[in-house]
There are 2 protein chains.
Amino acid sequence: MSKKPKAKDVLIDTASRLFMVRGYCGVGLNDIIEESGIPKGSLYYYFPEGKEQLAIAAIENTKRLVMEDIQRVFTDKENLIQALQAYVYTLAQMFGEGEKPIGSPIGTIAGEKHSTSEPIRLACESTFKDWQAVYAKKFIAAGYDEQQANSLATVFHALTEGGILLAFTMKSGQPLEQIAEQIPSLFTERPIEK
Amino acid sequence: MSKKPKAKDVLIDTASRLFMVRGYCGVGLNDIIEESGIPKGSLYYYFPEGKEQLAIAAIENTKRLVMEDIQRVFTDKENLIQALQAYVYTLAQMFGEGEKPIGSPIGTIAGEKHSTSEPIRLACESTFKDWQAVYAKKFIAAGYDEQQANSLATVFHALTEGGILLAFTMKSGQPLEQIAEQIPSLFTERPIEK
DNA sequence: GTCTATAAGAGGATAGAC
DNA sequence: GTCTATCCTCTTATAGAC
């Protein structure tokens with residue numbers, strides 16, 4: 001389990017990075033071959049079903065990595081608001097640093113393939129559900145009831161996916177920073193007259 | 001100005017609809033030809049620069065249509081919270097009806113082309129800025145100062161784009177409904193101790 | 001198990017008839 | 001102005017040598 005062949009992992013790593021930024025259709029197998037240095041034959045040895053199978057592996061890889069990121073931040077900050085805010089700031093940092101924005105969620109793939117590849121859509125759906133479950137758990141720990149927690153988890157997740165999209169499009173971390181700043185104001189509990 | 005040739009408009013309409021759902025790379029010119037019934041030669045007559053030019057026209061078309069939707073809802077509901085909530089409900093309705101979700105924002109294209117086509121990225125950026133300006137104006141009318149209004153406009157926009165992505169991926173209007181329900185709780189003003 | 005060469009087809013784009 | 005037939009490149013996928 002610890003001595004896996006490396007080629008497969010390199011492929012998944014490279015594919016994850018490229019897909020997350022340019023989307024599924026925007027990345028050719030040739031791009032992955034070139035960037036990873038792994039020849040095409042090996043790709044089809046490890047992923048006999050081709051591009052779609054590799055994409056699903058990449059999605060599952062990203063799912064795990066992002067889950068770890070979320071858990072780390074949430075463990076570090078016990079307070080709900082601080083935890084949510086800290087996580088969005090980590091997203092913002094990816095853009096601010098001018099470096100390659102890696103590890104960003106799978107929104108790009110989900111957006112273009114939900115209607116044309118059911119296996120990919122299912123992989124994205126499962127990923128989204130798992131992330132939201134972590135968010136929901138944090139809301140519950142902060143005292144929300146289950147239904148409210150689920151809705152707020154959806155809200156927070158939509159904020160991150162939307163924020164990442166805006167940051168990419170604006171070529172700036174500013175949208176994510178603005179969102180992070182507003183988090184205390186958005187998620188602080190208070191009585192609402194129905 | 002009122003008696004424009006129809007072929008061009010049909011092309012833009014068809015392209016808008018297909019691009020919004022399946023993204024830029026996911027839609028071939030052949031798909032647009034087939035669905036619109038306009039032959040390829042005519043497409044290149046109206047859009048000599050090809051697919052990219054057509055996509056930009058589609059983005060600008062969607063920008064205008066969505067802007068009108070927003071303005072209509074915002075004019076109808078003077079109250080900030082009610083206006084924001086009503087708009088998200090209109091987005092949710094597109095999915096709930098089981099019909100083709102048309103008129104949805106351009107997130108899909110923005111997500112995949114921001115890094116590979118600067119003209120398209122700019123068209124998306126301009127669109128996003130215009131929509132956000134309308135949101136910001138509504139926040140200002142409700143008494144927020146300009147900086148706060150801009151940040152909250154970003155927040156609301158991210159919520160809608162993220163919500164649409166989740167709805168597509170989950171094949172359900174539920175995420176958008178959950179977001180709509182939470183809007184009063186999210187955007188109701190209250191004192192926060194800094 | 002790993003890699004190269006090539007097939008088979010789809011994609012965007014063009015030329016030129018009408 | 002409108003449409004058809006065709007080109008060329010790029011993409012995914014495969015066959016088979018090593």
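Residue numbers start from 1 in every chain, and the chains themselves are labelled A, B, ... in the order their sequence lines are given, proteins ahead of strands. The figures here come from the full heavy-atom set of this structure, side chains too, leaving out hydrogens, waters and symmetry mates.
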Provide, to the nearest angstrom, the distance between the [atom1] atom belonging to [X] and the [atom2] atom belonging to [N].
X       : N      : atom1 : atom2 : value
A/Leu29 : D/dT14 : CG    : P     : 11 Å
B/Asn30 : D/dC7  : CG    : C1'   : 14 Å
A/Lys8  : C/dT2  : NZ    : P     : 12 Å
B/Lys6  : D/dC3  : NZ    : P     : 13 Å
A/Gln53 : D/dA13 : CD    : P     : 11 Å
B/Ile32 : C/dA10 : CD1   : P     : 17 Å
B/Ile33 : C/dT14 : CD1   : C1'   : 14 Å
A/Lys40 : C/dA8  : NZ    : C1'   : 13 Å

Q | Between B/Lys63 and B/Ser126: side-chain donor-acceptor atoms closer than 3.5 Å | A | yes
Q: Go through the side-chain N and O atoms of B/Ser115 and A/Lys171 and say whether any donor and acceptor fall under 3.5 Å apart.
A: no
Q.
Classify the ring geometry of B/His114 against A/Phe168: parallel below 30°, tilted from 30° to 60°, perpendicular beyond 60°.
A. parallel
Of the nucleotides [options], which has the atom closest to the [X] side chain?
X       : options               : answer
B/Pro39 : D/dT4, D/dT14, C/dG11 : D/dT4
B/Lys51 : D/dA13, C/dA13, D/dT2 : C/dA13
B/Tyr45 : D/dG1, D/dT12, C/dG12 : D/dG1

(Q) Counting C-beta onward and ignoring hydrogens, is there a side-chain heavy-atom pair between A/Glu52 and A/Tyr24 closer than 4.5 Å? (A) yes
Q.
With a 4.5 Å cut-off on side-chain heavy atoms, are A/Glu181 and A/Tyr89 touching?
A. yes
Please confirm whether the shortest side-chain N or O distance from [X] to OP1 or OP2 of [N] is below 4.0 Å.
X       : N      : value
B/Tyr44 : C/dT14 : no
A/Tyr46 : C/dT2  : yes
A/Ser42 : C/dC3  : yes

Q. 5'-most contact on DNA chain D: A/Gly28 or A/Gly41, nearest heavy atom basis?
A. A/Gly28
